[in-house]
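Sending over a structure as structure tokens; questions will come in a sec.
The shown structure was predicted, so the numbers you read here are calculated from the model rather than taken from an experiment. Sequence lines set the chain letters: A, B, ... in the order given, protein chains first and strands last, and positions in each chain run from 1.
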2 protein chains.
Amino acid sequence: MAGQSESLLSAMLPKLETWAPLDDDDRAALIALPYRLQSLAPTKYIVREGDRAEHSCLLLSGFAFRSKIVRDGGRQILALHMRGDMVDLQNAVLGRADHNVQALTEIEIALIPHEAILRLAADRPRVGRVMWHDTLVDGSINREWNTNVGRRDATTRLAHLLCEFALRLSFAGLGEQCNYELPMTQEQLADCLGLTSVHVNRTLKGLEANGLITRTARNVRVVDWDRLAAVGDFNSAYLHVDLEGRSIDPSRP
Amino acid sequence: MAGQSESLLSAMLPKLETWAPLDDDDRAALIALPYRLQSLAPTKYIVREGDRAEHSCLLLSGFAFRSKIVRDGGRQILALHMRGDMVDLQNAVLGRADHNVQALTEIEIALIPHEAILRLAADRPRVGRVMWHDTLVDGSINREWNTNVGRRDATTRLAHLLCEFALRLSFAGLGEQCNYELPMTQEQLADCLGLTSVHVNRTLKGLEANGLITRTARNVRVVDWDRLAAVGDFNSAYLHVDLEGRSIDPSRP
DNA sequence: CGCCGGTTTGAGTCCATTCAAGAGGAGTGG
DNA sequence: CCACTCCTCTTGAATGGACTCAAACCGGCG
């Protein structure tokens, strides 16, 4: 077991096991999946819309995002992924990519053949179920983003996104809930939120002026989690993470 | 087989088999799922956000929609479902509903216990895979809606939605691509699009004035599919339906 | 030191909203 | 059969939140 858990693929286990329990054989089978390592520079494509990819990938370090481009050149960012995320599991099932997946920062990924993933999901129902679950949580987050963009004003949208990042980054061990490095530019934030970078800038300053956050470069410090969550109309239920035993407010330990 | 295919549950087969082939035993097992019939009046809830539902449901007639409500009372409609759709398959896996599912019109549904669905998915990998696929296509549509709301102007958004409805309704045998009954009010359309009903009204009239569609009550007639699709920045790839053998433009047979 | 990508700020504009009121149609009950 | 209500659709006028355009600032880096 020790040998197996040293595989780089073991990075996928913590998140998958959040969804449902796996046994030792399940874990061993996941870790034994064939893979190929790759590094990508920021903005490089993992998959392009319309591609028929042969591999899904596990993100080992850095950040990646999904996006679509519209006719006039506008871009909508649909999801953000971080270490431990299985990016693009869905393309193993769907076949043809309906959106782009790109490196946001310098990243390292493990490319896993679709065919091996599907065989494993079929052979081990518990593993298949956990993978299904993982893609459904992605879907849930996407519905929340859809709601955010469709029915909330700029301040609420941004506060909501900052709350989500706070929780997801802390779950992934990449920052504290109330003090983290935001991995994206204001223009990229704008593309998540359906706003312009200029307006994101003004809105960030507004949150700061109201004493909800402080910022230095890309660092975000949440001054008052409860107020930020209230302003952002934020309820973490859509992340489908059981918060029992997790501190949801490290600002008051 | 004849006996089995008379089950009301056979309504789910055409769509599921669009995703991947099933064999006779798979079909028989799906149709043999236990279920309970129910009728619901418009606006009645199938599942409420936060519920821990015990059943998923197959929509036998009428229309249903998913939605979320934000703090100020605004509503975002996240998806529209029609006859033959497995509504809420995801809650079998996720457990707790992260959004509402409601009857849009008078509907009939078959309630199927989650536990039976999950057992079938585990026992028959091909069935599990097709169900997974089905939920992933829902996710793809949701990403397109997210993009629509986030990065397209009102006219483009509405034209895009009308194109999607045209195709989905015709796939489901509920109308012709260029002549169908729109099952929703302008206020509900607005909630799909992140607009107000007033602006949807003006935008509809704009499409009509430009000779793209004509309307009478809830009936929509597409006058010029190619132009409507161009105005709507519409590309059907995200529906993940193979259009081979299907006419994508019945206006020129 | 000068470039370059990202951030910040200001001024003017516009797309969509809000508010308001009227018209049309379906259903109900006296 | 008509009056009444309720809901949806339609239209106008005024408002406003976010956008556009443009310029300046800033920090890192070659």
Side-chain angles (χ1 to χ4, degrees), chain A residues 41-43 63 70-77 103-106 148-162 181-210 213-220 231, chain B residues 41-43 63 70-77 103-106 148-162 181-210 213-220 231:
Chain A
T43 79
F63 293 87
V70 300
R71 183 182 42 206
D72 67 10
R75 173 176 70 171
Q76 179 66 38
I77 293 183
L104 179 60
T105 62
E106 188 82 30
N148 210 26
V149 165
R151 283 288 179 237
R152 294 190 178 117
D153 67 20
T155 302
T156 313
R157 270 184 232 189
L158 181 56
H160 189 282
L161 192 66
L162 292 178
E181 293 301 316
L182 195 61
M184 49 203 345
T185 65
Q186 293 178 6
E187 181 165 13
Q188 290 159 344
L189 280 174
D191 288 344
C192 293
L193 297 170
L195 298 170
T196 58
S197 59
V198 171
H199 202 59
V200 164
N201 182 274
R202 295 195 233 263
T203 309
L204 273 172
K205 303 207 71 138
L207 291 178
E208 216 173 353
N210 282 311
I213 61 169
T214 59
R215 305 175 295 139
T216 54
R218 296 285 169 80
N219 180 277
V220 173
V231 166
Chain B
T43 79
F63 294 87
V70 300
R71 182 183 40 205
D72 67 10
R75 174 176 69 170
Q76 179 65 37
I77 293 183
L104 179 60
T105 62
E106 188 82 31
N148 211 28
V149 165
R151 283 289 180 238
R152 294 190 178 116
D153 66 20
T155 302
T156 312
R157 271 184 232 188
L158 181 56
H160 189 283
L161 191 66
L162 292 178
E181 293 301 315
L182 195 61
M184 50 201 346
T185 65
Q186 293 178 5
E187 181 165 12
Q188 290 160 345
L189 280 174
D191 288 344
C192 293
L193 297 170
L195 298 169
T196 57
S197 60
V198 171
H199 201 59
V200 164
N201 182 276
R202 296 196 233 264
T203 309
L204 272 172
K205 302 204 70 129
L207 292 178
E208 215 172 356
N210 281 311
I213 60 169
T214 59
R215 305 174 296 140
T216 54
R218 297 285 170 81
N219 181 276
V220 173
V231 166

* In chain order, what residues pass the side-chain hydrogen bond (donor to acceptor under 3.5 Å, both in side chains) check against Glu181(A), with sequence neighbours excluded? ->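 For Glu181(A) the side-chain hydrogen bond (donor to acceptor under 3.5 Å, both in side chains) partners, ignoring immediate neighbours, are Asn219(A).
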* **Listed partners of Thr203(B) passing side-chain hydrogen bond (donor to acceptor under 3.5 Å, both in side chains), at least two apart** =>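 Listed in chain order: nothing, the list is empty.
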* To do: Can you sort out the partners of Arg71(B) under side-chain hydrogen bond (donor to acceptor under 3.5 Å, both in side chains), two or more places apart, ordered by chain and number?
  =>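 Listed in chain order: Thr156(A).
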* To do: Shoot me the first and last contacting nucleotide of DNA chain D against chain A, ordered 5' to 3', at under 4.0 angstrom to non-hydrogen atoms.
  =>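 The footprint of chain A covers dA18(D) to dC21(D).
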* Those residues that, when tested against Ala217(A), pass side-chain contact (heavy atoms from CB on, under 4.5 Å) (two or more places apart) ->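 In terms of side-chain contact (heavy atoms from CB on, under 4.5 Å), with neighbours along the sequence ignored, Ala217(A) is linked to no residue.
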* Base, sugar-phosphate, or nothing: which does Arg218(A) touch, judged by heavy atoms less than 4.0 Å apart? ->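 Sugar-phosphate contact only.
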* Quick check: does any side chain N or O of Arg157(B) sit under 3.5 Å from a backbone N or O of Arg152(B), one acting as donor and the other as acceptor? ->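 Yes; judged by distance alone, with no hydrogens or angles, the pair exists.
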Check residues 184-196 of chain B and write down every donor-acceptor pair under 3.5 Å in which the side-chain atom is one partner and the other belongs to a residue at least two apart or another chain.
residue   : atom : partner   : partner atom : Å
Thr185(B) : OG1  : Glu187(B) : N            : 3.4
Thr185(B) : OG1  : Gln188(B) : N            : 3.1
Thr185(B) : OG1  : Gln188(B) : OE1          : 3.4
Gln186(B) : OE1  : Asn201(B) : ND2          : 2.9
Gln188(B) : OE1  : Thr185(B) : N            : 2.9
Asp191(B) : OD1  : Arg151(A) : NH2          : 2.8
Asp191(B) : OD2  : Arg75(B)  : NE           : 2.7
Asp191(B) : OD2  : Arg75(B)  : NH2          : 2.9
Thr196(B) : OG1  : His199(B) : N            : 3.3

* Please identify each residue that fulfils side-chain contact (heavy atoms from CB on, under 4.5 Å) with Ala41(A), with sequence neighbours left out. =>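 Partners of Ala41(A) under the side-chain contact (heavy atoms from CB on, under 4.5 Å) test: Lys44(A), Glu106(A).
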* Listed once per pair and sorted, the salt bridge (Lys or Arg N to Asp or Glu O under 4.0 Å) pairs that draw on residues 195-205 of chain B, sequence neighbours left out ->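 Qualifying pairs: none.
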* Asked: Among all residues two or more places apart in sequence or in another chain, which pass the side-chain contact (heavy atoms from CB on, under 4.5 Å) test with Asn210(A)?
  ->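 Result, side-chain contact (heavy atoms from CB on, under 4.5 Å) vs Asn210(A): Leu212(A), Arg227(A).
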* Going by heavy atoms closer than 4.0 Å, what residues in residues 192-205 of chain A are next to DNA chain D? ->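 Nucleic-acid contacts, sorted: Gly194(A), Leu195(A), Thr196(A), Val198(A), His199(A), Arg202(A).
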* Those residues that, when tested against Glu208(A), pass salt bridge (charged side-chain N to carboxylate O under 4.0 Å, His left out) (two or more places apart) ->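 Glu208(A): salt bridge (charged side-chain N to carboxylate O under 4.0 Å, His left out) contacts with Arg215(A).
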* Anything under 4.0 Å to a heavy atom of chain A counts; send over the first and last such nucleotide of DNA chain C, read 5' to 3'. =>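 First and last nucleotides in contact are dG6(C) to dA11(C).
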